[in-house]
Amino acid sequence: MIRQRIVLTAAAGLASTLLLAACSGSKDNSSSTSPANVAPVATATSTPATSAPAATGDSASGHMATTTMLMAKTVQGMGSVVTDDKGMTLYRYDMDKATPSMSMCTGDCAKTWMPVMAQDSVQTMGVEESLLGSVDRSDGMKQLTLGGWPLYRYMGDTKAGQMNGQAKERMWFAVTPSGKKSTMTG
């Protein structure tokens, strides 16, 4: 029984690694933007499944982040913000467009602000799942959106709960569970 679990766990890990490698193998270094096609992301609100690591991997636009869950967390002085399955704060960019969804962060921008790539199923906790979607990026990847806004992780956040990207360049803001930008609540 234990041997079977070990084999199944190893097989699942290997499959996850191969899928991540296949997704990050694109060599198109395009940095142009074009109107994006928006597609819904399948969601579930059940118990979280084991996820692929939220760590970065190379993609055509720089780095990428993955998650299988969006969670609302209350942060003192900020109100409620959205984090990924590792507790890392997620951000939105004022230069992006929500209607229709369009990511304007490409090239060097996407190396600092890692696009959160859409998974087949994203679970929610405290986030309205009807607001989830995805946008086709100019590099061919599908980026997760919330309320139409493409989502990102900031390279300067190295631990769960950090918000080092908040108000960077007066364009980057932690995202709220409704897709709005988070501001100081005093």
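In this text the structure is predicted, and so the values were computed from the model without any measurement. Worth knowing before you read on, the calculation uses all heavy atoms, side chains too, and leaves out hydrogens, waters and symmetry mates. One is the number of the first residue; the rest follow in order along the sequence.
Residues P177 and G126 approach most closely at CB-O, 3.5 Å, considering heavy atoms. Shown here for L144 and G133, the closest heavy-atom pair between the two residues is CD1-O, 3.4 Å. Nearest heavy atom pair, residue G148 against residue S101, reads O-OG, 2.6 Å. The two residues V81 and A174 make their nearest non-hydrogen contact at CG1-CB, 3.9 Å. Residues M155 and T158 come closest through the heavy atom pair O-CG2, 4.1 Å.
Counted by atom type alone, T89 and D157 present zero donor-acceptor pairs between their side chains at under 3.5 Å.
To the nearest 0.5 Å, atoms CE (M69) and OG1 (T124) are separated by 7.0 Å. The structure places OH of Y154 at 15.0 Å from CG of L90, a figure rounded to the nearest 0.5 Å. Rounding to the nearest 0.5 angstrom, the gap separating the OG atom in S138 from the CE atom in M104 is 9.5 Å. Taken from NZ in K181 to CE in M171, the straight-line distance is 9.0 Å, to the nearest 0.5 Å. In this structure, E129 CD and Q123 CD are separated by 10.0 Å, a value rounded to the nearest 0.5 Å. Note: C109 SG to K111 NZ = 11.5 Å, rounded to the nearest 0.5 Å.
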Could you give me the CA-CA distance, side-chain angles and deciding distance for Q166 and M78, then say whether side-chain contact (heavy atoms from CB on, under 4.5 Å) is met? CA-CA 10 Å; Q166 177 65 15; M78 294 300 295; 3.3 Å; yes

side-chain contact (heavy atoms from CB on, under 4.5 Å), that's the test. Do T176 and S182 meet it? Break it down for me. CA-CA 6 Å; T176 68; S182 179; 4.0 Å; yes

ring-ring contact (aromatic ring centres under 6.0 Å, His included) between Y91 and W113, intermediate numbers included: CA-CA 9 Å; Y91 297 90; W113 299 92; 5.4 Å; yes

For V82 and L146, what are the C-alpha separation, side-chain angles and deciding distance, and is it a side-chain contact (heavy atoms from CB on, under 4.5 Å)? CA-CA 10 Å; V82 177; L146 181 61; 3.9 Å; yes

Stepwise side-chain hydrogen bond (donor to acceptor under 3.5 Å, both in side chains) test for Y152 and S103: CA-CA 10 Å; Y152 303 87; S103 174; 2.8 Å; yes

Step by step, work out the side-chain contact (heavy atoms from CB on, under 4.5 Å) result for M88 and T83. CA-CA 5 Å; M88 303 300 284; T83 66; 5.9 Å; no

Verify salt bridge (Lys or Arg N to Asp or Glu O under 4.0 Å) between D139 and R137, making sure each step is shown before the conclusion. CA-CA 5 Å; D139 59 13; R137 294 176 51 82; 3.6 Å; yes

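Screening L70, T68, V122 against D85 for a side-chain contact (heavy atoms from CB on, under 4.5 Å) leaves a single residue, T68.
Every residue two or more places apart in sequence or in another chain was checked for a ring-ring contact (aromatic ring centres under 6.0 Å, His included) with F173, and none qualifies. For W149, there are no ring-ring contact (aromatic ring centres under 6.0 Å, His included) partners two or more places apart in sequence or in a different chain.
When atom types are taken as modelled, the side chain of N164 and the backbone of G156 share a donor-acceptor pair closer than 3.5 angstrom. No donor-acceptor pair closer than 3.5 Å links the side chain of R153 to the backbone N or O of P115. The backbone N or O of L151 sits less than 3.5 Å from a side-chain atom of Q143, completing a donor-acceptor pair.
In this structure, the side chains of K142 and V135 stay at 4.5 Å or more apart for every pair of heavy atoms. The shortest side-chain heavy-atom distance between T67 and Q119 does not fall under the 4.5 Å cut-off.
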